[in-house]
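Chain identifiers are assigned alphabetically (A, B, ...) following the order of the sequence lines, protein sequences preceding nucleic acid strands; residue numbering begins at 1 within each chain.
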There are 2 protein chains.
Amino acid sequence: MKMRTPNHRKNQKALDAFASLWRASESLGVSARRSLKGKDLTSCQFGVLEVLYRLGPLCQYELGDNLSCTGGNVTVVVDNLEKRGIVRRERCCEDRRQIYVHLTKTGRGLISQIFPKHVSGIAQAMAQLTRQEQKILERLCQKLNGRNAKPKGNGA
Amino acid sequence: MKMRTPNHRKNQKALDAFASLWRASESLGVSARRSLKGKDLTSCQFGVLEVLYRLGPLCQYELGDNLSCTGGNVTVVVDNLEKRGIVRRERCCEDRRQIYVHLTKTGRGLISQIFPKHVSGIAQAMAQLTRQEQKILERLCQKLNGRNAKPKGNGA
DNA sequence: CTTAAATAGTTTAAACTTAAACTAATATGA
DNA sequence: TCATATTAGTTTAAGTTTAAACTATTTAAG
């Protein structure tokens with residue numbers, strides 16, 4: 001009894017790989033969030049600042065795209081940052097539906113303090129792999145991210 | 001100007017690898033959550049059921065450990081599942097501080113419907129990698145998770 | 001032009017999440 | 001014993017997250 005078919009085994013292997021992947025992602029996330037220690041910023045607030053810092057002013061749906069979250073979510077997080085004078089909303093002239101979110105001087109100061117620590121936190125955690133291993137990891141993850149996806153079956 | 005030191009490049013590579021890892025983890029998570037379609041279960045509620053299904057009754061701090069969340073969080077999620085008759089609390093006799101959480105019959109029925117879809121969703125997404133690639137991915141992630149960590153530097 | 005559809009953002013309700021303060025039960029140690 | 005510390009769980013406050021319903025603006029179709 002309790003016979004394991006090849007399919008069971010295959011699924012188990014996939015589950016194991018997923019569990020490791022998940023834990024690794026969480027673990028790196030923890031390293032990245034260390035940079036927020038004592039800065040009174042939540043990690044999604046940091047996410048907004050980081051995207052604005054790298055990409056410049058964005059309107060809210062672009063922020064949502066970059067952060068993979070809903071519009072309602074962006075509204076709330078930007079509200080909270082705006083109350084503290086860290087970002088600023090500016091309605092677009094050409095399309096008055098859009099609202100661009102800018103870093104204020106305060107916000108820019110804050111994120112430029114934190115960002116280098118954020119980067120080095122990730123780099124330090126990632127340094128458990130060699131450069132070569134990092135490359136392999138990146139390539140495998142890119143494959144999982146759909147770059148090579150030939151749809152098979154119906155997925156339902 | 002704008003000279004990139006080797007350290008800049010190294011950090012950038014690490015960031016790139018992290019970004020891919022993060023997206024892959026998110027992407028697999030989406031595949032896993034497809035099993036919840038139409039079941040009126042949030043993914044953390046599913047998390048509780050899945051752990052109880054695999055490991056049997058657990059007390060709440062053990063649930064929190066398994067789900068990497070705080071005790072207050074467990075209280076709320078178990079509350080919501082209990083209201084719907086999906087789990088049941090049972091105070092422990094030997095140590096009356098502990099409360100064991102059990103699946104009810106309803107809960108067991110629900111999770112045993114969902115679990116196979118959950119597994120096959122992950123397996124299907126993971127099938128973009130060969131078995132060999134999955135093994136490599138798992139090994140690299142385990143390294144990131146500290147299994148091979150020979151401590152270097154102070155980590156602070 | 002005028003209606004209909006699409007888009008950008010807000011609001012609401014329900015749930016999740018954390019940290020911190022709290023209660024109750026247990027363990028430790030003078 | 002009795003005071004102290006630890007542990008398990010709850011509660012609270014603040015913030016995040018989603019889906020759905022909503023407003024305002026723009027675009028497309030007739």
Side-chain angles (χ1 to χ4, degrees), chain A residues 22 25-26 29-30 32-34 36-52 57-84 86-102, chain B residues 22 25-26 29-30 32-34 36-52 57-84 86-102:
Chain A
W22 186 264
S25 176
E26 286 296 301
V30 168
R33 283 191 289 276
R34 288 215 190 92
L36 302 179
K37 199 68 177 285
K39 297 298 179 183
D40 197 23
L41 269 189
T42 65
S43 61
C44 53
Q45 290 172 344
F46 170 78
V48 168
L49 298 193
E50 192 256 355
V51 169
L52 294 177
L58 296 175
C59 60
Q60 296 191 182
Y61 76 89
E62 292 171 318
L63 269 176
D65 281 352
N66 273 283
L67 301 168
S68 300
C69 66
T70 63
N73 196 353
V74 174
T75 295
V76 174
V77 179
V78 170
D79 277 353
N80 286 328
L81 288 170
E82 195 176 31
K83 277 179 211 157
R84 291 168 55 190
I86 293 173
V87 301
R88 171 171 56 81
R89 282 180 163 103
E90 194 169 304
R91 189 160 300 266
C92 178
C93 299
E94 296 139 33
D95 184 340
R96 292 184 43 72
R97 290 171 303 182
Q98 298 181 0
I99 298 183
Y100 274 80
V101 182
H102 297 250
Chain B
W22 185 264
S25 176
E26 286 295 301
V30 169
R33 282 190 291 277
R34 287 216 189 90
L36 302 179
K37 198 69 177 284
K39 298 295 178 183
D40 198 22
L41 270 190
T42 65
S43 61
C44 51
Q45 291 172 344
F46 170 79
V48 169
L49 298 193
E50 192 257 352
V51 170
L52 295 177
L58 296 175
C59 61
Q60 295 190 184
Y61 76 88
E62 292 171 319
L63 269 176
D65 281 351
N66 273 283
L67 300 168
S68 300
C69 65
T70 64
N73 196 353
V74 174
T75 295
V76 173
V77 178
V78 170
D79 277 353
N80 287 327
L81 288 170
E82 196 177 31
K83 277 180 211 156
R84 291 168 55 188
I86 292 172
V87 302
R88 173 172 56 81
R89 281 180 164 104
E90 195 169 304
R91 191 164 294 268
C92 178
C93 299
E94 297 140 33
D95 184 340
R96 291 185 44 72
R97 290 172 302 183
Q98 297 181 0
I99 298 183
Y100 274 81
V101 182
H102 296 251

Whether [X] contacts [N] is assessed here as follows: a side-chain N or O lying under 4.0 Å from the phosphate OP1 or OP2. Is that the case?
X       : N      : result
B:Asn80 : C:dC16 : yes
A:Asn73 : D:dT18 : yes
B:Thr42 : C:dC16 : yes
A:Gln98 : D:dT26 : no
B:Arg89 : D:dT10 : yes
A:Thr70 : D:dA19 : no
A:Gln45 : D:dT16 : yes

When only distance counts, do a donor and an acceptor, one from the side chain of B:Arg97 and one from the base of D:dT7, lie under 3.5 Å apart?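 Pair found.
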In whole angstroms, how far is the C1' atom of C:dT23 from the CD1 atom of B:Ile99?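 To the nearest whole Å, that distance equals 12 Å.
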Interatomic distance where CD belongs to B:Glu90 and C1' belongs to D:dG9 [whole Å]: 16 Å
Find which nucleotide of DNA chain D each of A:Arg96 and A:Gly71 is nearest to by heavy atoms, and output the residue with the more 5' nucleotide. A:Gly71
Could you say whether A:Glu94 or A:Cys69 is positioned toward the 5' end of DNA chain D, judged by the nucleotide with the nearest heavy atom to each? A:Cys69
side-chain contact (heavy atoms from CB on, under 4.5 Å) test vs B:Ile86 passes for just one of B:Val48, B:Leu49, B:Val78, B:Leu52, namely B:Leu49
Picking from D:dG9, C:dT11, D:dT25, which would you name as closest to the side chain of A:Thr75?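 Comparing D:dG9, C:dT11, D:dT25 against the side chain of A:Thr75, the answer is C:dT11.
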